[in-house]
Amino acid sequence: MRLPSASELVTVWESGLGLTPIERGLRLLAALFPEASDEELAHFTIGERDAWLLTLREQLFGAEVASVATCPHCGEPLELNFSVSTVRTSAGSSSGQHREVTVRAEGYAIRCRLPTSADLLAVAGMAGADSAQQALLARCILAIEPDATAEAPPGPEQLPAGVAAAIVEQMAQADPQADVRLALVCPACSHQWLAQFDILSFLWAELADWVQRTLREVHQLAVAYGWREADILSMSAWRRQWYLQLIGE
Ligand SMILES: [Zn+2]
C-alpha cells in the first residue's frame, strides 16, 4: 500500500461524487494500490477493503476516531471516542487465505467464498433486500454437497431458509472486519445497543471535509502568491499552514 498524495486524494474524492459507496471504496483502493487492476481490487472481500481503509484513515487523520451516535430509544446524542485499533479485527488482513468457508447446515455442506465489492456491485441494482441477498448467495456459493441422508443437492436458489441464514451468519463471522459494531450504553436512559461503524462512509465524510478545507487553502495561497494549484497541493500541510499564517499577519 502507498499513501496517496494530497492531489490524488482530491482527485479520488472528486471522481467519487455521484458514485455509490461501493464504487467509492474501489476508487480509494485504487489510490492505495495503483499497480493493481480494477478486477483485482473488486475481488478484495469487504473486510479486506475495510481493513485497508482503516489503515488509510490512521495514516491520513490519525488513530483516534471521534464520532457521534444517537440513542435509538430516547434520541440522546452520544459522543464516541475510540481508537482505530479497537475496531480492527485480526482476520481482516489481505492474505486471501480465508476467502472461502464451508458451512454445514441441515445435512448439507456448502462451500462459499466471502462477498467482495464485485458481488455487491452485481446485486446493487436489484429491487428488494431479499432478492439481492439471494442473488448474492447464488454468486458466492461454489459447491453444495448433500450428506448421506439427503437427496440430490438443490441449486443455490432452492436452499432452505435455515441453510441460507447459516451461510450468511458464517460468512459474517469469517469476514468480521466487514461489519464492525460498537457496544454502546446511553448515558441518559441506560439503553444498550450495538451501533454499526462503517469505515467507508465515515472516511468518505472526513475526506469531504478535508478536501473543502484544503481547496480553500489553495484558493487563499493562489490569490496571495499566484502559485499553481498543483504546486500548492504538493506542499506539506505544515508548509501550507505556515504561508497562510504569513498572509494572515
Ligand atoms: Zn437513551
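Ligands are counted one by one from 1 in listed order, and the atoms in each one are counted from 1 as well.
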- Task: Check the angle between the aromatic planes of H191 and H73 and answer parallel, tilted or perpendicular using the 30° and 60° thresholds.
- Result: parallel

Determine whether a donor-acceptor pair (N or O, by modelled atom type, separation under 3.5 Å) exists between the side chain of [X] and the backbone of [Y].
X: R111; Y: E100; answer: no
X: R24; Y: G16; answer: yes
X: R2; Y: A31; answer: yes

- Would you give the angle at the Zn ion (ligand 1) between C189 atom SG and C186 atom SG, to the nearest 10°? 110°

- Message: Is H191 close enough to the Zn ion (ligand 1) that one of its N, O or S atoms comes in under 2.8 Å?
- Response: no

- Check whether any N, O or S atom of C71 sits under 2.8 Å from the Zn ion (ligand 1). yes

